[in-house]
Structure formats: structure tokens, C-alpha cells
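These notes are about the structure you will find just below.
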Amino acid sequence: MKIATWNINGVKARIENLLHWLGEAEPDIVCLQEIKSVDEQFPREPVEALGYHVETCGQKGFNGVAILSKLRFDEVNRGLPGDGEDVQARFIEGVFSTASGVLRVVSLYLPNGNPVASEKFSYKLGWMKRLEGWTRERLTLEEPLVLAGDYNVIPEPEDARDATAWVDDALFRPESRQSFRRLAHLGMTDALRAVSDEKDVYTFWDYQGGAWQKNNGIRIDHLMLSPEAADRLSAAAVHKHTRAWEKPSDHVPVVAELAFEAA
DNA sequence: ATGGTCGAAGGTCGA
């Protein structure tokens, strides 16, 4: 089973690229971020025509996450618990039945957090703390769990072409990296790093400054796996070629292959 | 030193 994450930076602007990639990559479950659309305006018909069920957690103008799945949803949960004031659409969980048992998949869009000297950074760190608590609870279920999304965290210096350029950025601040490590230390495995220690592997290249042409990228889109999911991991890859397409997203898909059979 | 690119908007904000 192929499970993917992709920040598509606007589903309406990216629908042709999305449909093309779905046909080419044939993922079973896709976690989307930054759909930048309310639920009613998500172009679900062409996606459903390819055999996907669609669940969205949208919002007007920005943010917004979704899960596309060839498996039927048994359950859907929207929003990261722990802050009743937080109205930003950044978290959706789907629960599925497979022949190999239950599978839980989250599409998350972690706050960017810039500028650091603002409430946006404390919002980011608070959100990460809530994610850590939520994950700790879910792990007690001892089920396969995939936390897939745009984490807006560069975990290590080798995850940036030029880490020195990011030292004062919320994506690479020690507090952000430390919080990401706390999540890993709960027992969550970084799928890509579990199969490869290859350098110069990035998932985001800024539209500005010719970042793509210079391969000035960062790795911030991750699939984090519970032990029961990591045990089934056989492969993981970054679909870099999509960044060279016409009208690309600034992020590319990351895909993990897990040994699950559809129910 | 400045502005450099996009998307969702239909002015500007978020990234």
C-alpha cells in the first residue's frame, strides 16, 4: 500500500497536476496540505472519478488539509485537540480497515512559525506540544499510525542545501528541531530516513530566487510511523520530478510503501 | 539595498 503526503499549495490551482500525479503514482492514500479551499469548493468529482474517497478539513483562503483514499473511511476526526481557541484547519485523521487490521492516517499542516519574534512562533511550538500529547495517547493503542504532512521543520543540517541560511528561521530553530525529536523519541520513525541516508534529498524549493534551478531546497515534508507501521515499511521516495512540471507546487510528494492489503 | 514568486483573493496576507 502506497501512502503519500503532498503540500499542493492550492487545490484549485493544482487540480490538473494532482490528477496527473494520481494517475501516474497510483497511491492508495494521499494526505494533502494547503488546499486553500473551503470544503464545498474542493474539486472532489474528478478525484472521486479516479476511485478515491475524499475527506476535507478546509478553510477560506489559506491552510486546509484533506485525505484521499481508495479505502473507505471508517471514521474521520477533524482538528488537533488541546486548544479550543484554535480555528486553523491543519489536522485530519482517517481510520481504515485493511485485511491486515486497522490503519490510522493523519494529514497535518504544522504552522510555519515565522517570524520567530512573534506569537506565530509560540503558536507553532504550542501546536507541536499538542501533537506530541495526541501522539502519545494514540500510541497506547499499539496500532499502525502514519502522521504525514508538512511539518515545517528541517530536522537536521543535511536536510537543507544550506543550513546556515536557516539558523534564525522558525523551520530550523533549536526549539522546533527539539520538538520534532521529542515526537521521534516517542517511537515515531521518519519513513524516508529509515530507508535512506542519502544527502541532498529535499521536498520544498521556494518559488523565489531560482531555488529550484539551484537545487536550494529543504526537507520538511515527512511521514512519521508508529512502531506497528514502521514494521511494515518497505520503501519510501520523494517524487522530485513533479517540481519541474508546469505550474508546480513549491512542495513535492513523499511516498511510503507499507505492507498492508486492502480489506 | 531592494525586490525577488506564488495562491486566494479582488486588498493584502501568508508562505
Side-chain angles (χ1 to χ4, degrees), chain A residues 5-21 30-44 46-47 56-66 80 83 85-91 107-128 131 148-155 159-163 165-173 175-177 179-180 202-222 240-254:
Chain A
T5 183
W6 193 9
N7 179 324
I8 52 171
N9 190 18
V11 67
K12 285 169 285 218
R14 214 69 60 213
I15 186 63
E16 292 308 320
N17 279 8
L18 174 61
L19 296 172
H20 184 82
W21 177 75
V30 182
C31 299
L32 299 177
Q33 300 86 36
E34 280 206 271
I35 62 174
K36 294 185 174 179
S37 169
V38 294
D39 296 336
E40 301 73 41
Q41 284 169 26
F42 189 101
R44 50 193 309 138
V47 176
T56 60
C57 178
Q59 147 176 22
K60 182 180 167 66
F62 60 112
N63 299 330
V65 290
L80 177 62
D83 181 358
E85 309 286 289
D86 186 4
V87 295
Q88 299 195 34
R90 298 180 174 277
F91 186 98
S107 178
L108 67 89
Y109 178 45
L110 211 144
N112 175 293
N114 283 305
V116 169
S118 76
E119 72 291 337
K120 292 186 176 182
F121 190 51
S122 50
Y123 173 63
K124 175 180 194 149
L125 296 178
W127 205 94
M128 295 188 81
L131 179 64
D150 176 358
Y151 281 72
N152 270 314
V153 175
I154 303 165
D159 294 313
R161 179 57 178 263
D162 178 15
W166 295 89
V167 288
D168 293 323
D169 194 286
L171 278 63
F172 194 60
R173 286 278 296 194
E175 301 94 321
S176 307
R177 296 175 58 203
S179 193
F180 184 83
Y202 311 124
T203 65
F204 168 90
W205 296 261
D206 203 297
Y207 289 125
Q208 303 185 60
W212 168 246
Q213 287 74 15
K214 295 185 240 176
N215 194 27
N216 180 21
I218 52 178
R219 191 176 74 94
I220 56 176
D221 299 273
H222 312 295
K240 182 178 180 178
H241 66 286
T242 63
R243 186 63 176 79
W245 286 355
E246 288 295 315
K247 219 169 177 295
S249 170
D250 40 7
H251 297 249
V252 300
V254 184

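Hydrogens, waters and symmetry mates are skipped; everything else that's a heavy atom, side chains included, is used. Chain letters run A, B, ... following the sequence lines, proteins first and then strands; every chain starts at 1.
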What is the nucleic acid contact for [X], judged by heavy atoms within less than 4.0 Å: base, sugar-phosphate only, or nothing?
{"X": "A:Y109", "answer": "sugar-phosphate"}
{"X": "A:R90", "answer": "sugar-phosphate"}
{"X": "A:G61", "answer": "sugar-phosphate"}

State, without any angle test, whether [X] and [Y] hold a side-chain donor-acceptor pair at a distance under 3.5 Å.
{"X": "A:D221", "Y": "A:T203", "answer": "yes"}
{"X": "A:D86", "Y": "A:Y123", "answer": "yes"}
{"X": "A:N114", "Y": "A:K120", "answer": "no"}

Could you measure between the two [atom1] atoms, the one in [N] and the one in [M], and give it in whole Å?
{"N": "B:dT2", "M": "B:dC6", "atom1": "P", "value": "23 Å"}
{"N": "B:dG7", "M": "B:dG3", "atom1": "P", "value": "22 Å"}
{"N": "B:dA9", "M": "B:dA15", "atom1": "P", "value": "16 Å"}

Please identify each residue that fulfils salt bridge (charged side-chain N to carboxylate O under 4.0 Å, His left out) with A:R243, with sequence neighbours left out. none
Option from A:W205, A:W212, A:F204, A:Y207 for which ring-ring contact (aromatic ring centres under 6.0 Å, His included) with A:H251 holds: A:F204
At the 4.0 Å heavy-atom cut-off to chain A, mark where contacts on DNA chain B begin and end, going 5' to 3'. B:dG4 to B:dA15
Between A:D150 and A:Y207, name the one whose nearest nucleotide on DNA chain B is closer to the 5' end. A:Y207
Of A:N114 and A:N9, the one whose nearest nucleotide on DNA chain B sits closer to the 5' end is A:N9
Ring centroid separation for A:W6 and A:W21, is it under 6.0 angstrom? yes
